[in-house]
Novice: 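Have a look at the structure that comes next, please.
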Amino acid sequence: MENLPKICVDTTDAFMTTERFGIREEVIRWIKEVGIDNKVTVIISRSDTETVKRGRSNKIIFGCDKGGKHKISDSGTQSASKKCGCPFKIRSTPAKDGSGWKIDVKCGLHNHGLPDRLEGHSFIGRLTTDEKQHVADLAKRHVAPRNILLSLQDKFPENVTRITQVYKHKSVIEKEIRGPRSEIQHLFKLIEDAGYVYWSRKKDDSEVVREIFWAHPDSVKLLNIFPIVLVMDNTYKTNKYRQPLFEIVGMTSTELTFAVGFAYMESEQTENFCWVLEKLKELFVKKDMCPQVILTDRDLALMKAIEVVFPNSINLLCRFHINKNVGAKCKQHVVNDLQKTIDTLWMEVVWASDEA
């Protein structure tokens, strides 16, 4: 113990016990619970089971998660490690008199400080079998990860999991559901199973998908009933591929909106928009039917595509984007006292009944 650094924490008394445990699982549970109570992350360093082979006996060796030495990989890349050769060691074996498993603290010292709290710890924060099932049940019901975490903390008060663990387990569940299919193959399967109308096109002669457009059957029905006004816009950074998601929204006679269709696009060129709008055009039952008004932001490529595919439609610019631009320009060129006045005057222009 002479080689221990100045930081030295003694947890011997916490793990000292004369209690006997019926089975090894009870020993493991007790030691880990005591470890959590004392901010010590206990791991199983070695576990042997008695067999006919010589030298094998029932025993469990527990250690600290910071025990051992960091191994440098052959690749030469540097990686962080929390291992610092912590000497903490507990040995558990069945008592010779058959009274159960006993615990022997070989070394209760730690050559490092202990955390104030274990929340977010990579080992302690791992989900148990029951917690994993709880996450899976809520994920199937499309509960948001932040609400799944709150539910976990309510149902399992001792849980110290962070939201990262919830996201990781959700990813594992999704991979299990997807099986050997790639993500795009699984997307196609889900679309087909749900009965969506969809089209896709590939890049040249490869298997790489350039664009995919899909629409729900009910959306197609609503589109043909209310084809007068459509709103189109792109959302960004909504998926890990950083592809723009093109959204088309319709409006009913009672001024309620409904989703018409969606498309993932390779890029935002006129040619890409033309392909999507051509597929939108195929959703109309009557071939001569087209939207009277299409509302967009000032995306010149999209505006050009609308002129090509829907030449008889009126393309209006979105008031929200215009107001946003007006506000931004006001901050740049107008003193604070006049900004509110200009905003009021501008809204009078927007809501004017006629051009004059």
Novice: State the CD1-CD1 distance between Ile31 and Ile44, to the nearest 0.5 angstrom.
Specialist: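 If I round to the nearest 0.5 Å, the distance is 9.0 Å.
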
Novice: Taking only residues two or more places apart in sequence or in another chain, which ones pass side-chain contact (heavy atoms from CB on, under 4.5 Å) with Asp288?
Specialist: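 Partners of Asp288 by the side-chain contact (heavy atoms from CB on, under 4.5 Å) criterion, ordered by chain and then number, come out as Lys286.
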
Novice: Scan the side chains in residues 20-28 for donor-acceptor partners under 3.5 Å anywhere in the protein, sequence neighbours excluded, and list what turns up.
Specialist:
residue, atom, partner, partner atom, Å
Arg20, NE, Ser99, OG, 3.4
Arg20, NH1, Thr18, O, 3.1
Arg24, NH2, Ser47, OG, 2.5
Glu26, OE1, Gly22, N, 3.0

Novice: Tell me every residue that passes ring-ring contact (aromatic ring centres under 6.0 Å, His included) with His216, counting only those two or more places apart in sequence or in another chain.
Specialist: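 Testing His216 for ring-ring contact (aromatic ring centres under 6.0 Å, His included), a comparison that skips the adjacent residues, returns Tyr196.
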
Novice: Taking the side chain as everything from C-beta on, heavy atoms only, tell me whether Arg46 gets closer than 4.5 Å to Lys59.
Specialist: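 Of all side-chain heavy-atom pairs linking Lys59 with Arg46, at least one is under 4.5 Å.
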
Novice: Does either side chain, that of Arg181 or that of His186, offer a donor lying less than 3.5 Å from an acceptor on the other one?
Specialist: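 Their side chains do contain a donor-acceptor pair, which is all the 3.5 Å distance test asks for.
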
Novice: Does either side chain, that of Glu268 or that of Asn234, offer a donor lying less than 3.5 Å from an acceptor on the other one?
Specialist: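 Yes.
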
Novice: Any sub-3.5 Å donor-acceptor pair from Gln185's side-chain atoms to Ser182's backbone N or O?
Specialist: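 Such a contact is found between Gln185 side chain and Ser182 backbone.
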
Novice: Would you say Asn38's side chain and Val40's backbone share a donor-acceptor pair under 3.5 angstrom?
Specialist: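 Such a contact is absent between Asn38 side chain and Val40 backbone.
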
Novice: Report yes if the side chains of Glu348 and Thr344 come closer than 4.5 Å at any heavy-atom pair, otherwise no.
Specialist: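 Yes. Closest side-chain heavy atoms under 4.5 Å.
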
Novice: To the nearest 0.5 angstrom, please state how far the NZ atom of Lys168 sits from the CD1 atom of Ile163.
Specialist: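 Here the rounded value is 13.0 Å.
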
Novice: Are there over 12 heavy-atom neighbours, none belonging to Lys89, within less than 6.0 Å of that residue's NZ?
Specialist: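 No - once you tally the heavy atoms of other residues, nucleotides and ligands closer than 6.0 Å, there are 12 at most.
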
Novice: Decide yes or no for Phe213 and Phe246: does some side-chain heavy atom of the first lie under 4.5 Å from some side-chain heavy atom of the second?
Specialist: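 Side chain of Phe213 against side chain of Phe246, heavy atoms only: no contact under 4.5 Å found.
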
Novice: Show me the side-chain donor-acceptor pairs of residues 289-299 shorter than 3.5 Å, one per line, residues at least two apart or across chains.
Specialist:
residue, atom, partner, partner atom, Å
Thr296, OG1, Asn315, ND2, 3.3
Asp297, OD1, Asp299, N, 3.4
Asp299, OD1, Ala301, N, 3.2
Asp299, OD1, Leu302, N, 3.4

Novice: Of the non-hydrogen atoms in Leu109 and Cys8, which two are nearest, and what is the gap between them?
Specialist: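 Nearest pair, atom of Leu109 first, then Cys8: CD2-SG, 4.1 Å.
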
Novice: With no hydrogens and no angle check, just 3.5 Å: does a side-chain donor-acceptor pair link Ser267 and Asn272?
Specialist: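 Yes.
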
Novice: If you compare all heavy atoms of Trp30 against all heavy atoms of Phe15, which two are closest, and at what distance to 0.1 Å?
Specialist: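 Closest approach of Trp30 to Phe15, heavy atoms only: CH2-O, 3.8 Å.
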
Novice: To which residues is Ile322 joined in a hydrophobic cluster, defined by side-chain heavy-atom contacts under 4.5 Å among Ile, Leu, Val, Met, Phe, Trp and Tyr, whether direct or through other members?
Specialist: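 Its cluster mates, by chain and number, are Leu300, Met303, Leu317, Val326, Trp346, Met347, Val349, Val350, Trp351.
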
Novice: Kindly write out the residues that satisfy salt bridge (charged side-chain N to carboxylate O under 4.0 Å, His left out) with Arg210, not counting sequence neighbours, or none if the list is empty.
Specialist: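 Partners of Arg210 under the salt bridge (charged side-chain N to carboxylate O under 4.0 Å, His left out) test: Glu266, Glu271.
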
Novice: Mind checking what makes ring-ring contact (aromatic ring centres under 6.0 Å, His included) contact with Phe188, not counting sequence neighbours?
Specialist: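 ring-ring contact (aromatic ring centres under 6.0 Å, His included) list for Phe188, sorted by chain: Tyr198.
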
Novice: Measuring from Lys324:NZ to Arg319:CZ, what's the distance to the nearest 0.5 Å?
Specialist: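 It is 15.5 Å, given to the nearest 0.5 Å.
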
Novice: Hey, any chance Phe273 and Val249 share a hydrophobic cluster, counting ILVMFWY side chains that come within less than 4.5 Å of each other, even indirectly?
Specialist: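 No; Val249 is not reachable from Phe273 via cluster members.
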
Novice: Are Leu222 and Val220 in one and the same hydrophobic cluster, where Ile, Leu, Val, Met, Phe, Trp and Tyr link if side-chain heavy atoms are under 4.5 Å apart?
Specialist: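 The answer is yes; both residues are in one hydrophobic cluster.
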
Novice: Just verifying a value: how many Å separate Lys279 NZ and Ile212 CD1, rounded to the nearest 0.5 Å?
Specialist: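 Separation between the atoms: 12.5 Å.
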
Novice: Can you measure from SG (Cys64) to CD1 (Ile90) and round to the nearest 0.5 angstrom?
Specialist: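 So the gap between those two atoms works out to 10.5 Å.
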
Novice: With sequence neighbours left out, write down each residue that passes ring-ring contact (aromatic ring centres under 6.0 Å, His included) with Phe62, or none if nothing qualifies.
Specialist: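 None.
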
Novice: Please tell me if the side chains of Leu280 and Leu283 come closer than 4.5 Å, counting only heavy atoms from C-beta onward.
Specialist: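 Yes, their side chains come closer than 4.5 Å.
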
Novice: Same cluster or not: are Val260 and Ile191 linked, directly or through other Ile, Leu, Val, Met, Phe, Trp or Tyr residues, by side-chain heavy atoms under 4.5 angstrom apart?
Specialist: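 Result: no, two separate clusters.
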
Novice: For residues 184-197, pull every pair meeting salt bridge (Lys or Arg N to Asp or Glu O under 4.0 Å), keeping only residues two or more places apart or in separate chains.
Specialist: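 Only Lys189-Asp193 qualify under salt bridge (Lys or Arg N to Asp or Glu O under 4.0 Å).
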
Novice: Identify whether Ile148 and Val172 are in the same connected component of the hydrophobic contact network (ILVMFWY, side-chain heavy atoms under 4.5 Å).
Specialist: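 Ile148 does not cluster with Val172.
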
Novice: side-chain contact (heavy atoms from CB on, under 4.5 Å) with Lys340: which residues, sequence neighbours excluded?
Specialist: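 Lys340 satisfies side-chain contact (heavy atoms from CB on, under 4.5 Å) with no other residue.
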
Novice: Find out whether Lys155 and His134 are in side-chain contact, i.e. whether some heavy atom of one side chain is under 4.5 Å from a heavy atom of the other.
Specialist: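 Touching, per the 4.5 Å side-chain cut-off.
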
Novice: Using the test side-chain contact (heavy atoms from CB on, under 4.5 Å), find all partners of Thr254 that sit at least two apart in sequence or belong to another chain.
Specialist: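 Expected list: Thr252, Leu256.
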
Novice: Please tell me whether Ile248 and Phe226 are part of a single hydrophobic cluster in this structure, the criterion being side-chain heavy atoms less than 4.5 Å apart.
Specialist: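 Yes; tracing contacts between hydrophobic side chains, which count when under 4.5 Å, links both residues.
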
Novice: Could you check whether any side-chain N or O of Thr11 sits under 3.5 Å from a backbone N or O of Gly108, counting only pairs where one atom can act as donor and the other as acceptor?
Specialist: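 Yes; at least one donor-acceptor contact below 3.5 Å.
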
Novice: Is there side-chain contact between Asp104 and Thr93, with at least one heavy-atom pair below 4.5 Å?
Specialist: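 Side-chain contact under 4.5 Å: no.
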
Novice: How would you list, by chain and number, every residue that makes a side-chain contact (heavy atoms from CB on, under 4.5 Å) with Ile225, sequence neighbours excluded?
Specialist: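 side-chain contact (heavy atoms from CB on, under 4.5 Å) list for Ile225, sorted by chain: empty.
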
Novice: For a salt bridge (Lys or Arg N to Asp or Glu O under 4.0 Å) check, start with the C-alpha distance between Lys132 and Asp130, then their side-chain angles and the critical distance, and finish with the verdict.
Specialist: CA-CA 5 Å; Lys132 287 180 179 178; Asp130 292 339; over 6 Å; no

Novice: Using modelled atom types and a 3.5 Å cut-off, is there a donor and acceptor pairing between side-chain atoms of Asn111 and backbone atoms of Cys84?
Specialist: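 Flag set: sc Asn111 to bb Cys84 pair under 3.5 Å.
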
Novice: Do Phe88 and Val42 come within less than 4.5 Å of each other through their side chains, counting heavy atoms only?
Specialist: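 In contact.
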
Novice: May I ask you to decide if Glu211's main-chain N or O and Ser200's side chain share a donor-acceptor pair within less than 3.5 Å?
Specialist: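 Looks like no, no N/O pair under 3.5 Å.
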
Novice: Is there a side-chain contact between Thr17 and Val34, using heavy atoms and a 4.5 Å cut-off?
Specialist: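 Not in contact.
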
Novice: Do you know which two heavy atoms are closest between Cys107 and Pro87, and how far apart they sit?
Specialist: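 Nearest heavy atoms, Cys107 then Pro87: CB-O, 3.5 Å.
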
Novice: Under 6.0 Å from the NZ atom of Lys304, do we count more than 12 heavy atoms belonging to anything else shown?
Specialist: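 Counting neighbours around NZ of Lys304, 12 or fewer heavy atoms of other residues, nucleotides or ligands fall under 6.0 Å, so no.
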
Novice: Nearest 0.5 Å, what's the CZ-CG distance between Arg178 and Leu187?
Specialist: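 So the CZ of Arg178 and the CG of Leu187 are separated by 11.0 Å.
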
